[in-house]
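Every chain is numbered from 1, with letters handed out A, B, ... down the list of sequences.
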2 protein chains.
Amino acid sequence: MTSSAVADRRNRRNEQILAAAWDIAADQGLGAVSLHEVARRVGIKQPSLYGYVSSRLDLFDMMFRQAYEQLLDRLDAAPPTGTAREQLLRLSRVVLDFVVENPPRQQLLFQRTIPGFEPSEASYALALRLVDRTRALLSALGKRTQAHVDVYTALIAGLGSQQIANDPDGDRWSRHLETLLDIVLDHFDPQEKP
Amino acid sequence: MTSSAVADRRNRRNEQILAAAWDIAADQGLGAVSLHEVARRVGIKQPSLYGYVSSRLDLFDMMFRQAYEQLLDRLDAAPPTGTAREQLLRLSRVVLDFVVENPPRQQLLFQRTIPGFEPSEASYALALRLVDRTRALLSALGKRTQAHVDVYTALIAGLGSQQIANDPDGDRWSRHLETLLDIVLDHFDPQEKP
DNA sequence: GTCTATAACGAGATAGAC
DNA sequence: GTCTATCTCGTTATAGAC
C-alpha cells in the first residue's frame, strides 16, 4: 500500500486542494479558479501548490479526473438490475443529478469552456468508460446508430444546461428526464442509416 | 435622423469594437475578451475604448444586445407563413443555426458563464421577445404548460451545446432538430398539470 | 476622440532559504 | 514541504495633455 504516514499527509493536502478548487468554481465559476485563490483557501502560499500541481491546467486535469472517478463510483454504487431500459434510466438520472448538483462539473466534463484545457490521456480514458457504458445500454435496446447516441447525449446535455442556468436549486427541467427519455427511445428513428 | 457625419463615425467605431470582441470570443472564448485585446484589434489604445464602452461588463451587454437584435432580424427576414408547427420548426432552425454558427452567442445568450454579467433591463427585453414568440407558437399548437416550454428549450439547448462542443463545423446534432421536435410535439405530455 | 502615463491589482511561475 | 522574494506579464480603470 502507498499509505505511509507521509503519503497520507500528501493525500489529505491533495484533497484539500481539489476541494478548494471546486469551491471556487461553485462560487465564481470554473474560469475563476486560480492557484492564488486555491492556496488562499487551503491556508498555504501559492508557490507551495507546486509541490502538488505542476500548472493551472494540470489542476483542471486533476479536477476532471476526480469528477469522473466520483461519477463512475456513483454508477457502481447500485447493482445493475432490471431491464436495459431501467438501467439506462438509472444511469441517466445519476449523471444528470451529478452535474446539476455541482454545475462546474457540467462545464468541465461536458463542455469546452476553459481555454487551453484538454484532459490528459489517462483522464480521458475515464470519460470513455462512461461513453461505453451508455452505448452498451443503448445497443441492448436496439439503438445502435450514432444518431441514437447523439440524440441521447443532446437530451441529457439540454436538460442539464437549462436546469443549471435557469433553476439551479430546483428540478424544473431535470424532472422531465424519464418522460422525455421514454419518448425518444420509443419514437426516435433517424431518417438516414449511417 | 441621428446620422450626422460625426454620429456615423461613432457608429462605425462601435461596430468595429463589437466585431473585434466577437472575433476574440470566437478565437479564444468569451472569457478571453479583454478591453486591451479589443483595442489592439481595432487599432486604438485601450483607454480610448472608454469613449464607447463604460466597462468590460458593459461591453458584454452591448454584445448581448447586438446578438439578440441580429437574431430577431433573422426571424423577421422570412414572412411567417404556413402552419404554427411549420413556423415553430423554422424559428427553431434559425435559432439553432444562429448559435452553432458562432458559439460564443450560445455562451452569452443562453448560458451563465461570464462571472458578474447580467444583461441590462433594455437588453433583457429583447430576450423576452424571443421567449414570447416561442411561447405563442407553442400555444397555438396546444402546448400551453410550462413543462412544454421547458422541454422545448432543453431540446434546442441540448442540440446546440453538443453540436458546438463536439462537432463545431458539422451538423451531427443539429440535423436531428426537425425529427426530434416532431417527436416531442407529438408525444410529450407531462404527468402533472401545473 | 485619441493619446501617454500611470495607478492598483492579480495572475502564473521560478529561485533559493530553511 | 513550505516559506519569502521576485520576475514577468496581463488586466481594469483614471488623469490629463493635445
Taking all heavy atoms of A/D150 and all of B/W173, pick out the closest pair and write down the distance.
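Reported closest heavy-atom pair: O-NE1, 2.8 Å.
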
What is the distance, to the nearest angstrom, from the [atom1] atom on [X] to the [atom2] atom on [N]?
| X | N | atom1 | atom2 | answer |
| --- | --- | --- | --- | --- |
| A/K45 | D/dC3 | NZ | C1' | 9 Å |
| B/L57 | D/dT11 | CG | P | 16 Å |
| B/L49 | C/dT2 | CG | C1' | 11 Å |
| A/I24 | C/dG10 | CD1 | P | 14 Å |
| A/Q46 | C/dA15 | CD | P | 14 Å |
| A/L35 | C/dG12 | CG | P | 4 Å |
| A/H36 | D/dT4 | NE2 | P | 12 Å |

Any side-chain N or O of A/S48 less than 4.0 Å from the OP1 or OP2 oxygen of D/dG1?
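Looking at the OP1 and OP2 atoms of D/dG1, neither is under 4.0 Å from any side-chain N or O of A/S48.
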
Has A/R56 got a side-chain N or O lying under 4.0 Å from the OP1 or OP2 atom of C/dG10?
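So the side chain of A/R56 is outside the cut-off, no N or O lying under 4.0 Å from OP1 or OP2 of C/dG10.
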
Return yes if a side-chain donor-acceptor contact under 3.5 Å exists between A/S92 and A/Y152, otherwise no.
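Looking only at side-chain atoms, A/Y152 and A/S92 do form a donor-acceptor pair, the distance falling under 3.5 Å.
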
Which nucleotide in [options] has an atom nearest any side-chain atom of [X]:
| X | options | result |
| --- | --- | --- |
| A/Y50 | C/dA11, C/dC3, C/dA13 | C/dA13 |
| B/P47 | C/dA5, C/dA13, C/dA11 | C/dA5 |
| A/Y52 | D/dC3, D/dG1, C/dG1 | D/dG1 |

Could you tell me whether A/D182 and A/R85 make a salt bridge, using a distance below 4.0 angstrom between a side-chain N and a carboxylate O?
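Yes, this pair counts.
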
Categorize A/S34 for me: base, sugar-phosphate, or nothing, with a 4.0 angstrom heavy-atom threshold over every strand shown.
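Result for A/S34 = sugar-phosphate.
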
With nearest nucleotides of DNA chain C determined for B/R13 and A/E37 from heavy-atom distances, which residue corresponds to the more 5′ nucleotide?
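Between the two, 5'-proximity favours B/R13.
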
Name the orientation class of the two ring planes belonging to A/H187 and B/H187 (parallel below 30°, tilted from 30 to 60°, perpendicular beyond 60°).
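Rings of A/H187 and B/H187: parallel, under 30°.
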
Give the cluster check for B/L141 versus B/L155: same hydrophobic cluster or not, with ILVMFWY residues linked at side-chain heavy-atom distances below 4.5 Å.
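In one cluster: yes.
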
